[in-house]
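Indexing begins at 1, ligand by ligand and atom by atom, following the structure's order.
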Amino acid sequence: MDLSRTYPEGVAHVEGRYVPIGEARIPILDRGFVRSDATYDVVHVWKGWFFRLDDHLDRFERNIAAIYMKLPHSRAEIADILTTCVRLSGLRDSYVQMTCTRGLPHPGSRDPRLSVNRFYAFAIPFVWIANEEQRKRGLRLIVSKRERIPPESLDPTVKNFHWIDMTLALYEAYARDHELPILSDRHGNLTEGPGVNLFMLKGGTLLTPRRGMFDGMTRRTVMELCTETNVKIEEADIPGPALATADEVFLSSTAGGLMPVSVVDGRKIGDGAPGPLTRRLHDLYWSKKEKGWLGTKVDYGKT
Ligand SMILES: Cc1ncc(COP(=O)(O)O)c(C=O)c1O
């Protein structure tokens with residue numbers, strides 16, 4: 001790469017080399033690609049600070065071990081690679097993904113134990129699941145008829161590429177003129193949506209699903225903010241039909257923070273605008289982050 005310039009479209013780290021994002025390629029036989037045999041994590045950089053980098057690395061390491069993989073780099077090396085991707089991009093607000101794949105099949109064998117696991121990373125401009133207009137007015141959500149992959153089949157706390165249930169549910173949302181789906185489990189309790197965790201306020205208590213979903217870092221952060229500010233928060237089984245009767249609903253994700261929901265299954269939530277608790281937690285989340293809260297400063301060197 002030309003180190004005298006930055007790469008605002010993004011930078012990837014592939015097979016030991018840093019490359020502009022548009023030139024990053026993976027070997028087509030990598031089982032991460034042909035079998036979704038991979039786990040990953042996404043951390044973000046805001047105003048030049050990583051948010052909860054250590055917590056993301058902890059989660060990534062735990063998930064790699066959970067599916068019998070082994071990282072080809074030490075934790076310090078991973079942190080260094082992520083930082084270098086961000087530094088070379090020059091991005092102050094960035095979406096930073098780290099991925100560990102099973103790797104190439106061993107010649108003549110389908111035994112996953114014989115594959116050498118691979119590490120890939122990239123930093124691209126910060127990703128917003130909800131655009132500016134949606135963040136202002138609130139998203140329109142459906143409770144999808146599609147069941148989320150059950151936790152008995154695949155532990156959803158191991159971040160994975162098995163997204164087709166969520167992608168098809170997204171089509172269902174579009175067909176019903178809504179914007180995002182939430183999927184339920186086989187007992188009819190709400191889990192999560194594509195890249196998002198769910199919160200609903202009912203009678204003064206903030207509720208979030210208790211199982212069947214990814215343990216999102218933003219979800220964890222929201223729960224901590226609630227504890228700090230004396231908001232009653234509970235992890236609970238939430239039956240699908242309860243969502244449309246909530247006083248407030250919002251979603252959480254690294255890719256956009258807290259996102260208000262104004263409509264569920266065609267029905268207005270509250271008065272149809274982001275509610276006061278949602279706005280308060282949203283503003284607290286962003287204002288704390290402006291000050292480097294739970295942050296690790298990125299060293300951009302001369303760029
Ligand atoms: C399925 C799923 N649920 C929830 C989330 C939110 O997690 P986080 O707050 O760590 O971004 C994600 C993030 O990508 C996800 O993939």
Side-chain angles (χ1 to χ4, degrees), residues 32 36 38-46 50-64 66-67 82 93-100 121-124 126-130 135 139 141 143-144 146-151 153-170 173 180-185 189-200 206 208-226 233 235 238 249-261 281-282 284-286 288-289 293-295:
S36 299
T39 186
Y40 72 111
D41 214 295
V42 177
V43 57
H44 73 282
V45 168
W46 191 253
F50 277 106
F51 185 60
R52 307 190 77 148
L53 180 58
D54 274 327
D55 293 329
H56 280 280
L57 292 174
D58 283 346
R59 186 171 73 176
F60 185 49
E61 285 181 343
R62 183 182 66 78
N63 288 338
I64 286 167
I67 55 171
L82 301 180
D93 303 327
S94 178
Y95 175 103
V96 185
Q97 180 164 327
M98 58 201 105
T99 304
C100 188
F122 60 81
I124 56 173
F126 188 77
V127 171
W128 297 92
I129 289 178
R135 295 200 300 277
L139 286 155
L141 215 64
V143 174
S144 172
R146 189 169 294 274
E147 193 180 293
R148 181 83 177 101
I149 296 176
S153 297
L154 178 63
D155 177 356
T157 67
V158 179
K159 198 167 168 72
N160 63 74
F161 291 158
H162 298 274
W163 265 55
I164 295 183
D165 54 350
M166 292 194 286
T167 302
L168 295 179
L170 202 47
L180 269 184
I182 295 294
L183 288 75
S184 303
D185 66 14
N189 292 317
L190 297 169
T191 61
E192 62 186 342
V196 295
N197 287 115
L198 174 72
F199 289 86
M200 69 170 258
L206 194 58
T208 186
R210 100 184 149 80
R211 71 187 288 275
M213 76 299 145
F214 184 56
D215 163 28
M217 199 61 73
T218 325
R219 173 179 182 272
R220 207 187 286 180
T221 305
V222 168
M223 294 173 74
E224 289 168 8
L225 284 178
C226 286
I233 168 92
E235 295 177 280
I238 308 174
V249 177
F250 66 88
L251 305 172
S252 70
S253 175
T254 292
L258 277 70
M259 293 162 273
V261 170
L281 289 170
H282 169 280
L284 193 57
Y285 175 82
W286 287 105
K288 281 174 82 97
K289 262 152 44 84
W293 173 53
L294 301 175

For [X], counting its heavy atoms only, list the atoms of ligand 1 lying under 4.0 Å from any of them.
{"X": "W163", "answer": "16 (O)"}
{"X": "M166", "answer": "1 (C)"}
{"X": "K159", "answer": "12 (C), 13 (C), 14 (O), 15 (C), 16 (O)"}
{"X": "T254", "answer": "8 (P), 9 (O), 10 (O), 11 (O)"}
{"X": "S253", "answer": "9 (O), 11 (O)"}

Of the protein's non-hydrogen atoms, which lies at the shortest distance from atom 1 (C) of ligand 1, and what is that distance?
E192 OE1, 3.3 Å
Face-on cation placement of K289 at W286 ring, 6.0 Å and 45° thresholds:
yes
Applying side chain to side chain contact (heavy atoms under 4.5 Å, CB included) between N197 and each of M223, M213, R220, report the one that passes.
M213
Just how far is it from atom [atom1] of [X] to atom [atom2] of [Y], taken to the nearest 0.5 Å?
{"X": "T254", "Y": "F51", "atom1": "OG1", "atom2": "CZ", "value": "8.5 Å"}
{"X": "N160", "Y": "I149", "atom1": "CG", "atom2": "CD1", "value": "6.5 Å"}
{"X": "Y285", "Y": "S252", "atom1": "OH", "atom2": "OG", "value": "8.5 Å"}

Of all the heavy-atom pairs spanning P181 and M166, show the shortest one and how long it is.
CG-O, 4.2 Å
At under 4.0 Å between heavy atoms, is it the side chain or the backbone of Y95 that contacts ligand 1, or both, or neither?
neither
Under-4.0 Å heavy-atom contact with ligand 1, by part of V42 that carries it:
neither
Any M213 heavy atom less than 4.0 Å from ligand 1:
no
Determine, using heavy atoms of R220 and all atoms of ligand 1, whether some pair is separated by less than 4.0 Å.
no
Taking both backbone and side-chain atoms of [X], is any N or O found less than 3.5 Å from an N or O belonging to ligand 1?
{"X": "M217", "result": "yes"}
{"X": "R59", "result": "yes"}
{"X": "T218", "result": "yes"}

Shortest heavy-atom approach to atom 5 (C) of ligand 1 - which of G195, G256, G216
G195
Sub-6.0 Å ring centroid separation between F199 and F250:
yes
Side-chain ion pair, D41 and R59, N-O less than 4.0 Å
yes
Between E224 and R219, is the closest basic N to carboxylate O distance under 4.0 Å?
no
